[in-house]
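In what follows, a structure is listed as structure tokens, so that the remarks can point back to it.
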Amino acid sequence: MATKIYKGSDNVNHPIHYMGKVEVIDYIEDKLTPEQFEGYLVGNVMKYMSRYQKKNGLEDLKKGSWYLNKLINTLEFREMKEERDEKQE
């Protein structure tokens, strides 16, 4: 079943079916441990990269890239926070 595309929607960054008061990715991150969330992100990168040729092509590559960038940003933020905490000790 194809996802309907609405004018102004973005299936990669803000899919219409996940729009609400709380971003689903933020809710998931809040409920998982840092290690679990990292695994969740890695799993999604693997999913989208491995299926792009047979499913949604470029859109899946963009989604995989989005999750990879989220993983990188999450790890950079975690590293920066740990360095800051070490300096305060």
Side-chain angles (χ1 to χ4, degrees):
M1 181 163 114
T3 303
K4 290 183 180 177
I5 306 287
Y6 296 93
K7 187 175 181 182
S9 70
D10 178 346
N11 277 347
V12 175
N13 296 298
H14 299 287
I16 192 107
H17 55 279
Y18 287 135
M19 293 178 110
K21 292 181 180 182
V22 176
E23 286 278 345
V24 175
I25 191 76
D26 295 332
Y27 177 79
I28 292 169
E29 183 175 12
D30 188 53
K31 296 300 176 188
L32 299 177
T33 66
E35 294 78 17
Q36 290 171 329
F37 186 63
E38 184 179 329
Y40 169 80
L41 296 172
V42 170
N44 276 298
V45 170
M46 294 170 62
K47 172 179 73 173
Y48 288 114
M49 293 300 153
S50 65
R51 76 178 199 184
Y52 83 93
Q53 290 176 313
K54 296 185 185 207
K55 194 158 184 192
N56 295 319
L58 186 58
E59 183 176 298
D60 277 351
L61 289 173
K62 289 178 180 181
K63 287 179 180 180
S65 176
W66 187 93
Y67 280 101
L68 179 59
N69 287 328
K70 179 71 173 174
L71 175 61
I72 291 167
N73 291 335
T74 298
L75 294 177
E76 286 177 340
F77 179 77
R78 189 184 305 164
E79 186 177 280
M80 185 177 67
K81 187 175 181 259
E82 287 171 359
E83 288 174 1
R84 185 192 68 209
D85 291 347
E86 287 175 5
K87 288 179 182 179
Q88 290 180 350
E89 291 177 356

Under the side chain to side chain contact (heavy atoms under 4.5 Å, CB included) rule, collect the residues that match up with [X], sequence neighbours excluded.
| X | result |
| --- | --- |
| Gln88 | Arg84, Asp85 |
| Ile28 | Val24, Leu32, Phe37, Tyr40 |
| Met46 | Val42 |

Could you tell me the separation between the NZ atom of Lys55 and the NZ atom of Lys47, rounded to the nearest 0.5 Å?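 One finds 8.0 Å between NZ of Lys55 and NZ of Lys47.
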
Distance in Å, Leu41 CG paired with Glu29 CD, rounded so as to fall on 0.5 Å steps: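 Going from the CG atom of Leu41 to the CD atom of Glu29 covers 7.5 Å.
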
Using the test side-chain hydrogen bond (donor to acceptor under 3.5 Å, both in side chains), find all partners of Lys62 that sit at least two apart in sequence or belong to another chain. none

If a pair satisfies ring pair (Phe, Tyr, Trp, His ring centres under 6.0 Å) and one of its residues is in residues 46-65, list it, with sequence neighbours excluded. Tyr48-Tyr67

Asn56 vs Arg51, test: side chain to side chain contact (heavy atoms under 4.5 Å, CB included). Steps then yes/no. CA-CA 8 Å; Asn56 295 319; Arg51 76 178 199 184; 3.7 Å; yes

Identify every side-chain donor-acceptor pair in residues 71-80 under 3.5 Å, counting partners at least two apart or on other chains, and give the distances.
{"residue": "Asn73", "atom": "ND2", "partner": "Asn69", "partner atom": "O", "Å": "3.2"}
{"residue": "Thr74", "atom": "OG1", "partner": "Lys70", "partner atom": "O", "Å": "2.7"}
{"residue": "Arg78", "atom": "NH1", "partner": "Glu38", "partner atom": "OE1", "Å": "3.1"}
{"residue": "Arg78", "atom": "NH2", "partner": "Pro34", "partner atom": "O", "Å": "3.2"}

Audit row: Glu59, Lys63, salt bridge (Lys or Arg N to Asp or Glu O under 4.0 Å) steps and yes/no: CA-CA 6 Å; Glu59 183 176 298; Lys63 287 179 180 180; 3.3 Å; yes

